[in-house]
Amino acid sequence: MKVSLDFLNDLVHGDALKKLESLNNYRLIEFLSNVVKLCEPDSVHLITGSNGEKEYIRKKALESGEEIKLKTSGHTIHFDHPLDQARAREDTFILTDTKIPYVNTKPRNEGLNEILALLKGSMRGREMYVGFYSLGPRNSPFQILAVQVTDSPYVIHSENILYRNAFEDFNNNKQFLRFVHSKGELDIRKRRIMIDLADNTVYSVNTTYAGNSVGLKKLALRLTIMKAVEEGWLSEHMAIVGFNGDKGTHYFTASFPSGSGKTSTSMIGSLISDDLAFIREFDGFPKAVNPEIGVFGIIQGINARDDPIIWEVLHKPGEVIFSNVLMTEDGDVYWEGSELPKPEKGYNYEGRWSRDSGKPASHPNARFTVPLTSFQNLDGNWDNPNGVVIDGIIFGVRDYSTLIPVVEAFSWSHGVVTIGASMESARTSAVIGKSDELEFNPMAILDFMPISLSRYLRNYLNFGKRLRRSPKIFGFNYFLKDENNKFLNSKEDKRIWVSWAAKRVEETTDAIYTPIGFIPFYEDLKALYKRVLGKEYSKEDYEKQFTIKLRRYLEKTERIIGIYLKFEDIPSEVIGELEMQRKRIIDYISKYGDSVSPFKLEKA
Ligand SMILES: Nc1nc2c(ncn2[C@@H]2O[C@H](COP(=O)(O)OP(=O)(O)OP(=O)(O)O)[C@@H](O)[C@H]2O)c(=O)[nH]1
Ligand SMILES: O=C([O-])CC(=O)C(=O)O
Ligand SMILES: [Mn+2]
């Protein structure tokens, strides 16, 4: 089919139009034609991949005021609306005519009508930017193509940092995911994010916060989860990191809910991804790639001592977009938890700020956007089109009261069900609303779930069955507190848990059997503390951290059983694994009481 490009004649400048034509992708032209008709931009800027085009976007971001230049070369700052500082769960809808438990849905026609009306004419007087990207490495079986349309130079600038440009790959009618974003009037009451699964398209309007506007990040995740379930692979909210054991580097994926440990965990090993992973099976091996090539990371609490790698990236010249931190008069930035002296005054997302106001200088979900290549711990395989073999999977939560710092599952299905699918975690500032409430968040992915958890979990369980040797599954919790509300671990302790997990993967250490999985021996952790951190590790600390609160674990298991029993067609393995876990815990309660010290179990 031949589709005319005439509608772009007066809108596009330079030779971009010719390039577009030479792709021979009528799907693409049809899509662009529809968006142009809908949004009515004054001009269209195509990003076909040249450095000049990227420079043009950086310039536009400054000219439009969406970014402000800072004093360090390559650094800019962006502010989102005060009511648009995080992902807007309540304004985000999966368009489907069937209700899905735990998923915010809207009937498709109703949702489409609503969003198309909001987008109608939204780009009048504005330029429309079009980016052509690859999720995952190019020339790779993992690759998924995606087009972003937006009237925000900040959004397309972010995307140029976070995703691989792949204009040429769109040749010959290749399929692609579609993202249509407009700042609209920036009227937060009219903020809407609509995910149209049937058409692989996501629309987003009246928002600029990247989690709501940068299509290829969390909006694409909804589409790729569905694609993965249909095709039998995994699209996950996970970091990908290499950790050293005694025999070499082992790659892990690590799933933690937003604001609870992915980026921080990816900084203590060899970095491939800090937020997302595509995992596919090849010849019986699970292999993973990063859909992204950049980091959109939380900045609060980043300081030189705990986070030396990120600190360096944020202080050297190079491309950095800061968002929602404090800008000082001399063009510098400041954020809470940096452990630097607080400036007297400055400018933040709410306007002028002064120390006397007593208000925080930066938002708790303030972030930085940077390319992966800025990180000194970047792994050699970060762009490997074949991915890396995954030996372990970590599911971590922010749980202040119950879960022990590290546990290893008995098997793939035990781990998938009783650790991954049973995640409950305290909510953080990455989502608009009240923080710190414990919420059900299986695989740290509930916010992005476009289909029933039954289907999603069935795919997970089946995926493991196709593997020659499934990765070991670990449950982590960095956030356990004592009765005085004090954290029982320091941030660097995560290095111990990952070192132990790496040793378990290579089978160079034993573990203690418990009703919830295998846990470390005191002597092993003591040796690791000495070797990895040069620190002593006391029996008292170990006992506090690894005492298993059986009664609370039982309550948790029963809560989760209650949730999954409500689902129709839940795989029988899900209830089966949970019931077995419940029986094991009850059995241990009758032997040991409501909680049990690891020293007792060691001897059992
Ligand atoms: N107490 C404690 N806090 C930690 C630890 N590790 C990380 N944090 C804090 O957890 C918060 C978020 O961590 P990140 O690793 O950036 O979270 P993330 O999972 O990448 O979050 P998203 O980018 O929203 O998906 C930061 O405020 C850190 O300071 C730890 O070991 N202990
Ligand atoms: O999507 C965002 O806004 C940032 C992020 O990584 C998350 O919240 O998980
Ligand atoms: Mn995330």
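Throughout, residue positions are numbered sequentially from 1 according to the sequence presented. Atoms within a ligand are numbered from 1 in the order they appear, just like the ligands themselves. In what follows, every heavy atom counts, from backbone to side chain, and hydrogens, waters and symmetry copies are set aside.
- The side-chain heavy atoms of Pro364 and Glu336, taken from C-beta on, include no pair separated by under 4.5 Å.
- Remark: ligand 1 atoms within the under-4.0 Å shell around heavy atoms of Arg367 are 22 (P), 23 (O), 24 (O).
- Neither the backbone nor the side chain of Ala239 comes within contact range of ligand 1; no heavy atom lies under 4.0 Å.
- Side-chain rings of Tyr251 and Trp382 stay apart, their centers remaining 6.0 Å or farther from each other.
- Listed by atom number, the atoms of ligand 1 under 4.0 Å from Asp275 heavy atoms are 25 (O).
- When ring centroids are compared, Tyr209 and Phe296 come within the 6.0 Å threshold.
- Comparing heavy-atom distances from atom 4 (C) of ligand 1 across Tyr478, Phe296, Tyr400, Phe479 singles out Phe479 as nearest.
- With a 4.0 Å cut-off on non-hydrogen atoms, Arg398 touches ligand 1 through its side chain and not its backbone.
- Under a 4.0 angstrom heavy-atom cut-off, Lys262 registers as lying outside contact with ligand 2.
- For ligand 1, the atoms lying closer than 4.0 Å to a non-hydrogen atom of His237 are 25 (O).
- Every N/O-N/O distance between Lys217 and ligand 2 stays at or above 3.5 Å.
- Closest to atom 29 (O) of ligand 1, if we only count protein heavy atoms, is Lys491 NZ, 3.0 Å.
- Inspection of the environment of the Mn ion (ligand 3) yields the following protein N, O or S atoms under 2.8 Å: Lys218 NZ, His237 NE2, Asp275 OD1.
- Here the heavy atom of the protein found nearest to atom 1 (O) of ligand 2 is Lys218 CG, 2.8 Å.
- Relative ring orientation between Tyr542 and Tyr537 is described as perpendicular, the plane-to-plane angle rising above 60° on a 0-90° scale split at 30° and 60°.
- Residue-ligand proximity, Ser258 to ligand 1, at heavy-atom distances under 4.0 Å covers atoms 21 (O), 22 (P), 24 (O), 25 (O).
- Between the side chains of Ser182 and Asp151, a donor-acceptor pair is found at a separation under 3.5 Å.
- A donor-acceptor pair shorter than 3.5 Å can be found between the side chains of Thr249 and Asn244.
- In terms of protein heavy-atom proximity, atom 5 (C) of ligand 1 is nearest to Lys494 NZ, 3.5 Å.
- With sequence neighbours excluded, the residues satisfying ring-ring contact (aromatic ring centres under 6.0 Å, His included) with Phe440 are Tyr102, Tyr564.
- Using a 3.5 Å distance cut-off with no hydrogens or angles, the side chains of Tyr529 and Asp493 do pair a donor with an acceptor.
- For ligand 1 and Pro257, the ligand atoms under 4.0 Å from any heavy atom of the residue are 19 (O).
- The nearest heavy-atom contact from the protein to atom 27 (O) of ligand 1 is Gln300 O, 3.9 Å.
- In the model, Asp84 has no side-chain atom that pairs as donor or acceptor with a side-chain atom of Tyr349 under 3.5 Å.
- Side-chain contact, Asp274 with Thr263: a donor N or O sits under 3.5 Å from an acceptor N or O.
- Using modelled atom types, one finds a donor on one side chain and an acceptor on the other under 3.5 Å when comparing Ser258 with Arg87.
- Of the candidates Gln85, His363, Glu350, Gln85 is the only one forming a side-chain hydrogen bond (donor to acceptor under 3.5 Å, both in side chains) with Asn324.
- Tyr478 and Thr265 share a donor-acceptor pair across their side chains, judged by distance under 3.5 Å alone.
- With no hydrogens or angles considered, a side-chain donor-acceptor pair links Glu66 and Ser152 at under 3.5 Å.
- Regarding atom 21 (O) of ligand 1, its nearest protein heavy-atom neighbour is Gly259 N, 2.7 Å.
- Of the protein's heavy atoms, Lys262 N, 3.5 Å lies nearest to atom 18 (P) of ligand 1.
- Considering only non-hydrogen protein atoms, atom 15 (O) of ligand 1 sits nearest to Ser264 OG, 2.4 Å.
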